[in-house]
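Notes for the one structure printed next.
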There are 2 protein chains.
Amino acid sequence: MKNSQLYKGSLNTIIMKLLEENGKMYGYEITQKVKAITQGELNITEGALYPALHKLEAEGFLDVEIEKVDNRMRKYYKLTESGEKETVNRLSELEDFIRNMQSLVNPKLEF
Amino acid sequence: MKNSQLYKGSLNTIIMKLLEENGKMYGYEITQKVKAITQGELNITEGALYPALHKLEAEGFLDVEIEKVDNRMRKYYKLTESGEKETVNRLSELEDFIRNMQSLVNPKLEF
DNA sequence: TGTTATGTATAAGAATCTTATGTATGTTTG
DNA sequence: CAAACATACATAAGATTCTTATACATAACA
């Protein structure tokens, strides 16, 4: 997703946060939502998204539900109980990460 | 560096920012500085640091100067002109990244 | 009828990091 | 005084995550 290497490692957290917020979403919907929220700055590629969803499912953090809408398949994902707990942890880690990065990059704000 | 995958991709930016701030630094010094600034939360491993420094040097963003202090070798790195320009770009990308992540994770703050 | 949008999927390769190991000197501590 | 820890660099094997490319399928639009 995107050119900047900075986003590497953050995709899982983004997915889980969006699912926490919206209950259930399908892959394509996630890409569009992220694009909208970031005003087009962050474009998740399918090659990153689908393997990530499959892995989160395999780890027991997501449940799948297949629907057919307008004759097109959709795989809706939602957080499991375990996934909800993990989401809290990952969001906390993300906050720590952002705080640390700001300390490193904007040291004047510390005082 | 660290357990959380979030830091993946941010090491180069961290290095360049520290060099911009401190003029010149050697590898071990960078690891200690980062540990101090983040209160021990972020520990850069040598396996990540040294290859990163070598690559930045190969790309023309860093210059090296070897010194011997207390009978121990130190390789001081500093930004080249090209490296200074690149640092500005990467810090700007980092700010965009942090802003985008906050929009995704803390959407209520947008309004 | 060709392009764009919607929708999922995988495979090859690139980039970045972890873990482990190696070398070497200086300092502290039991 | 010997072992552990701190300082200082380096690299190699493997894991993880992503990009790029490709594939399949339906619907809408121009």
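All values derive from a computational prediction rather than experimental measurement. Sequence lines set the chain letters: A, B, ... in the order given, protein chains first and strands last, and positions in each chain run from 1.
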Over all strands shown, is A/Ser10 touching base, sugar-phosphate only, or nothing at heavy-atom distances under 4.0 angstrom? sugar-phosphate
Between CD of B/Glu65 and C1' of D/dA8 the distance, given in whole Å, is 17 Å
Rounded distance in Å - CG (A/Leu6) to P (C/dC17): 10 Å
Just N and O in the side chain of B/Asn71: are any of them under 4.0 Å from OP1 or OP2 of C/dG26? yes
Suppose we screen for side-chain contact (heavy atoms from CB on, under 4.5 Å). Which residues come up paired with B/Lys85, at least two apart in sequence or across chains? none
Holding to side-chain contact (heavy atoms from CB on, under 4.5 Å), I want the full list of residues that pass it with A/Lys8, two or more places apart in sequence or in another chain. A/Gln5, B/Lys8
Enumerate the residue pairs fulfilling salt bridge (charged side-chain N to carboxylate O under 4.0 Å, His left out) with a member in residues 73-83 of chain B, sequence neighbours excluded, ordered by first and then second residue. B/Glu65-B/Lys78
Within the sub-3.5 Å range, which N or O atoms of nucleotides 4-8 of chain C have a protein N or O partner, and how far apart are they?
from, atom 1, to, atom 2, distance (Å)
C/dT6, OP2, A/Tyr28, OH, 2.1
C/dT6, O5', A/Tyr28, OH, 3.0
C/dT6, O2, A/Arg72, NE, 3.2
C/dG7, OP1, A/Arg74, NE, 3.1
C/dG7, OP1, A/Arg74, NH2, 2.8
C/dG7, OP2, A/Tyr26, OH, 2.8
C/dG7, O3', A/Met73, O, 3.3
C/dT8, OP1, A/Lys75, N, 3.0
C/dT8, OP2, A/Gly27, N, 3.4
C/dT8, OP2, A/Tyr28, N, 2.6
C/dT8, OP2, A/Tyr50, OH, 3.0

Listing request: all salt bridge (charged side-chain N to carboxylate O under 4.0 Å, His left out) pairs with a residue in residues 45-57 of chain A, at least two apart in sequence or in separate chains. A/Lys55-A/Glu59
In whole angstroms, how far is the C1' atom of D/dC9 from the CG atom of B/Leu62? 16 Å
What protein N or O atoms touch nucleotides 12-16 of chain D N or O atoms at under 3.5 angstrom, if any, and at what distances?
from, atom 1, to, atom 2, distance (Å)
D/dT16, O3', B/Gln5, NE2, 3.1
D/dT16, O2, B/Lys8, NZ, 3.2

Rounded distance in Å - CG (B/Leu56) to C1' (C/dT16): 12 Å
Partners meeting ring pair (Phe, Tyr, Trp, His ring centres under 6.0 Å) with B/Phe97 (sequence neighbours left out): A/Tyr7
Is there a side-chain contact between A/Met101 and B/Ile98, using heavy atoms and a 4.5 Å cut-off? yes
Using a 4.5 Å cut-off on heavy atoms from C-beta on, say whether the side chain of A/Asp96 contacts that of B/Thr38. no
Between CG of B/Asn43 and P of C/dT19 the distance, given in whole Å, is 12 Å
Does B/Tyr28 have any ring pair (Phe, Tyr, Trp, His ring centres under 6.0 Å) partners at least two apart in sequence or in another chain, and if so, which? none
To the nearest Å, give me how far apart CG (A/Leu53) and C1' (D/dT17) are. 14 Å
What is the distance from CD1 of B/Ile66 to P of D/dT7, rounded to the nearest Å? 21 Å
In chain order, what residues pass the side-chain contact (heavy atoms from CB on, under 4.5 Å) check against A/Asn89, with sequence neighbours excluded? A/Glu86
